[in-house]
Amino acid sequence: MAGLEIRDATVRYGVPTGSARSGRSAGVTAVDRVSLTVAPGEVVALLGPSGCGKSSLLRAVAGLEPLAGGSIGYDGEELAGVPVHKRRFGLMFQEGQLFPHRDVRRNVGYGLETQELSRAERDTRVSALLDLVGLAGYERRSVLTLSGGEQQRVALARALAPRPRLLLLDEPLSALDRQLRERLAGEVRAALVETGTTAMFVTHDHTEASAVADRVGVMDRGRLLQVAAPDELRTAPASDRVTEFLGLRGSQSGV
Amino acid sequence: MDRDRRRLSRASLRPAPLLWGTAVAVPLGFLGVFFAWPVAALVVRGFVPDGALDLTGFTDVLSSPRTWRLVGLTLTQAVLGTAFSVLLGLPLAYLLYRRSFPGRGLVRGLVTVPFVLPAVVVGVAFRTLFAPGGTLGFLGLEESLAGIVVALVFFNVSVVVRTVGGLWERLDPRTEQAAASLGAGPARVFRTVTLPSLAPAVASAAAVVFLFCATAFGVVLVLGGVRYGTIETEIWTRTTQFLDLRSASVLSIMQLVVISGALAVSARARRRREAALHLVSARGSARRLSWRSPQDVTVALVGAAIVVGLMVLPMAGLVTRSLREPDGSWGLGNYAALGTTGERNALVVTVWEAAATSLRIALAATVISLVVGGLVALVVSRRPRSAGARRAVSTLDGLFMLPLGVSAVTVGFGFLITMDQPVLGVDLRTSGLLVPVAQAVVAIPLVVRTVLPVLRAIDPRLREVAAVLGSGPGRVLRTVDLPIALRSVGLATGFAFAVSLGEFGATSFLARPDGATLPVVIYRLIGRPGAENYGMALAASVVLAVLTATVMMVAERLRDERAGGEF
C-alpha cells in the first residue's frame, strides 16, 4: 500500500547504564504492538502524556531506534534494513538542533547537498523555503542569533528542503511560549498542506494536535488507544482514558 | 520522561564497521607497539634479566638506602608541590574566573604560559634566580628541596587555576546567594556551599598535579644538582651514566606502581567532576572587582603577589640574565653565540641547528599525536547502544589515558631497550621518526583530553538530524563532528606542538648528539663549565620559551570559550 504502514511495532530499551533509574529493570517496553497507517499527503498527530512512547515510535520510524517486534514499511517497501540516511524521511526536534557552525542558508541547504543540484538550484530552493516559513532574507544570519520561534522555522525549512516523503515532527513547538505555539501550529499546518507533505506529528497538547493534524492517535503507556479525526475523538472517544486525556486540556506537561 | 528516554537511547547511528574498525585499530596498534611493548619489555627486563626469573635486581635496589631516600624525596616533593599548587591556585582561580577587571584576559594568558614552558627552561630560570648572586640568591635555595618545590608550583598552579576556575565560573551564584540570605557570612558560604561544589574539580586538579610532580624530570635534574633526585632522575642517571639497565628497569616498575595509584585516583575524581558539571549553569557569573570590598582587595593583592613573585620574577630574571655577557656587560653576545657550538665545542651542532631540529621533530610529533589522539577521542566520545560495546569504549578510554601517567623517562627508556631492532621492517633509529614517535606518545593524552569534552558535548540529536537529512556516517563525521571539534583541535595542535618542543624526558634518551633538540642542547650547555656556555644556555632558554609561548598563544586564540576542557 502507499504511505507509511506500521504493524505491531514494539520498541524496548535495554538496561540504562551508570544512572540511578531505580525501579526500572531490564527491558522497558516503550512502544507496545502499535499499528498505524499514514496515507500520502496526510498529517497524523500522536497525542499522549510524557513517557507514553510516542517519541519512541517516531524515532523507530526514522530508524533511530531498532524494533523489538513488528515492522514498518513505506510504499510497500519494508524498512527494517534501510539505514537512517537512506529512508528519505525528515525529522524535526523540540529544540531545532540547528548546526551551530552553519548559517541559516547552509542549515536549510544541508539535506540538499547530497542531491544532484547545482548551487543556484540549491540557493533557489533554500530561498523558497525560507519564504514559506516566513523568514525571507535570513540566509546569511547566524543561527545563534535567532529567537526560539525563528530557530524552529529554520528547522522546519531544513526538514522540508529535501522533499522528504514523510516528515516526522517530535514536539516541535513545545519549547515555545503558548502564544507563539498557537500561531506556529497554524503555520506548520499551512506549510505541510502547501507542500503536500505526509507527516507524523508528536505532541502532548491536544489543541495543537487538532490544529495540525487530519487524524489524531491517542497513546498511553506504549499502547495506541484510538485513532480518529479530531472531531470524532471528541464526540466518540473509545475509552475513559481517551476522554480523560482530552479533558486535561494540554496542561499535562509531565516531568 | 520522554527526555530521559532519549538520553537512555543515545542512539549512535548504525556504525559503519570499516570506519570504526580503523578508528579503533590505528590507535590501538600505535599504542601497542610504541607504548605497551616498551613498557612490557622494561618490566620483563626487571624481572627476567637473563632469560630466567631473577629477583636479585629487586632485592639489590630495594635494600639500598639510596632507593628509599629517592622514593621519599619523590613523594615529598610531589605532595608539597601539589599542596602549594592548590593553595595558591584557589585564590587565583577566584580572581580570574569570578571577578572581572581590566586586563583579566592578559593575566589569564600569563598564568597559562608556565604549564607549557619546557621543564628545562623553568629549571634554568629558577637556577639563575637561586644561584649565589642571583635575585633570590640570599634565600640559599640553590640545590634544595624547597627550590624544586617552588619550581613545581610555578608549573602546576595553572593546572589548578584552569581546572577549578572553569568550574567555579559556571557555579550558579544563586546557591551562594541563597546561603547568604539564610544568614551565612562570606566565610561560611565559602566553606559550606562553594568549597563542596568545587571539591571534585579540586580533587581532579590535585591528582593531575600530583602526577606531574611525581614524574617531574627536567626541573629536578636541573635544580636538584647532585644532592636531590627523584625516581625519574635516578632512572636516567643509572641508564645514561652507569649503564645499569637492570636497576633502571626495577626503578621504572616502582615508578609505574606509584603512577598507577595516582592515575586511578585522578580518574575517579574526573568522573565525579563530569557528573557534577551537569548541575551547574553555563553562564558567566563574574562580578566586577571592587576596591571597596576588603575581601576583593585581599584576593587581588594575594593574586598579584603570586603572579609577580612566582611567575613574572623568574621569567624576567631569565631574560635579564640572558642579556648579561660573560664579562658582566649588557649586550646580545649570548644570542650571537647561538650560532656557534659553544665554548670548547660543548655541542656537536649549533643552537640554531638544534632549534631547527626541534621544530622539525615537533611538527612530525604533532601530526602523529593529532591523528592518533583524534581517533581516540572520536571512538571514546561515542555512546554505543549495546552495554557490551559501551563497556569496551570505557575500557579503551582508560587504556588510552595510561601514557598520561607513565613518565616520559619510562617511555624513553622503554624505547631505548626495544627500538634497537627494526619495527615492522623499519629501523626507527635511522628513519628519524624515533624521537617524534616518543614525543607523540607523551602528547597524545593531552590531545585526547582537549578534544574529547568538545566531542562529548555535541548533542547526539545533531547527528540524528544529519542522518535523517540523508548523510551517511562518514558525511555526519565530516559535516557535524569535524567542524565543531575543529576549534578544540586548534588548541590540541598547540598543546601537542608545545609539549613536543619542550619534551626532555624521552628525548634525552633517544636524541643523537647530531640530532639534539633545543632542550637537550640547553641541558648540555649548563652541564659544561664556562661562563660563555651558561650564557648561551640562558639565551637558548629564552628562545625556546618564546617559541613555545608563541605557539600556545596562537592556539589559545583558536580555543572555543564554550568548550571547556581539562587543562
Side-chain angles (χ1 to χ4, degrees), chain A residues 11 13-19 21 24 26 28 30 48-56 59 62-66 83-102 106-107 110-115 155 158-159 161-162 164 168 170-171 174 202 204 254-255, chain B residues 1-17 271-272 274-275 278 383-394 454 457-488 560 562-563:
Chain A
V11 176
Y13 292 111
V15 194
T17 49
S19 53
R21 238 171 284 268
R24 291 214 196 165
V28 180
S50 291
C52 73
K54 56 195 192 301
S55 288
S56 302
R59 291 172 59 83
L64 296 167
E65 301 292 343
V84 180
H85 63 281
K86 300 231 167 96
R87 293 196 175 190
R88 292 192 287 125
F89 291 172
L91 178 64
M92 193 178 154
F93 285 118
Q94 187 172 52
E95 276 122 15
Q97 298 308 325
L98 298 178
F99 302 120
H101 54 288
R102 291 172 160 241
R106 296 188 59 230
N107 258 284
Y110 185 88
L112 301 172
E113 286 166 16
T114 42
Q115 298 184 352
R158 181 178 68 180
L168 306 163
D170 190 358
E171 307 240 14
S174 299
V202 160
H204 61 259
V255 194
Chain B
M1 261 183 288
D2 264 7
R3 216 166 297 138
D4 285 354
R5 260 311 141 59
R6 212 169 283 145
R7 201 174 307 138
L8 262 187
S9 66
R10 278 259 167 142
S12 62
L13 313 163
R14 212 140 298 165
R271 266 199 298 281
R272 268 169 51 207
E274 280 175 4
H278 295 300
R383 287 280 163 272
R385 185 185 301 275
S386 85
R390 263 200 304 274
R391 263 199 302 280
V393 163
S394 91
V454 180
I458 296 176
D459 193 318
R461 284 180 296 171
L462 271 189
R463 301 189 186 106
E464 293 174 359
V465 163
V468 171
L469 286 168
S471 294
R475 186 162 184 266
V476 172
L477 271 182
R478 214 170 53 247
T479 56
V480 179
D481 293 87
L482 194 65
I484 293 178
L486 217 51
R487 292 173 81 178
S488 72
D560 189 338
R562 290 164 300 166

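Throughout, a chain's letter reflects where its sequence line sits, starting with A, and its residues are numbered from 1.
- Heavy-atom distances place no part of A/A161 under 4.5 Å from chain B, backbone and side chain included.
- Residues A/V84 and B/E464 have side chains not in contact (no heavy-atom distance under 4.5 Å, counting atoms from C-beta outward).
- Of the two parts of A/R102, only the side chain, counted from C-beta on, holds a non-hydrogen atom closer than 4.5 Å to a non-hydrogen atom of chain B.
- B/R461 has its side chain out of reach of A/L91: every pair of non-hydrogen atoms, C-beta onward, lies at least 4.5 Å apart.
- A/H85 contributes no side-chain N or O that, together with a main-chain N or O of B/A466, makes up a donor-acceptor pair within less than 3.5 Å.
- The minimum heavy-atom distance between B/L462 and A/L98, with the atom names listed, is CD2-O, 3.5 Å.
- In terms of heavy atoms, B/L469 sits closest to A/A159 at CD2-CA, 4.3 Å.
- Heavy atoms of A/E113 lying under 4.5 Å from chain B belong to its backbone as well as its side chain.
- With contacts defined as side-chain heavy-atom distances shorter than 4.5 Å, the pair B/V468/A/P164 does not qualify.
- Of the two parts of B/R475, the backbone and the side chain both hold a non-hydrogen atom closer than 4.5 Å to a non-hydrogen atom of chain A.
- Across all non-hydrogen atoms, the minimal contact from B/G470 to A/T114 is O-CG2, 4.0 Å.
- In this structure, A/Y110 and B/V480 approach most closely via the heavy-atom pair OH-CG2, 4.2 Å.
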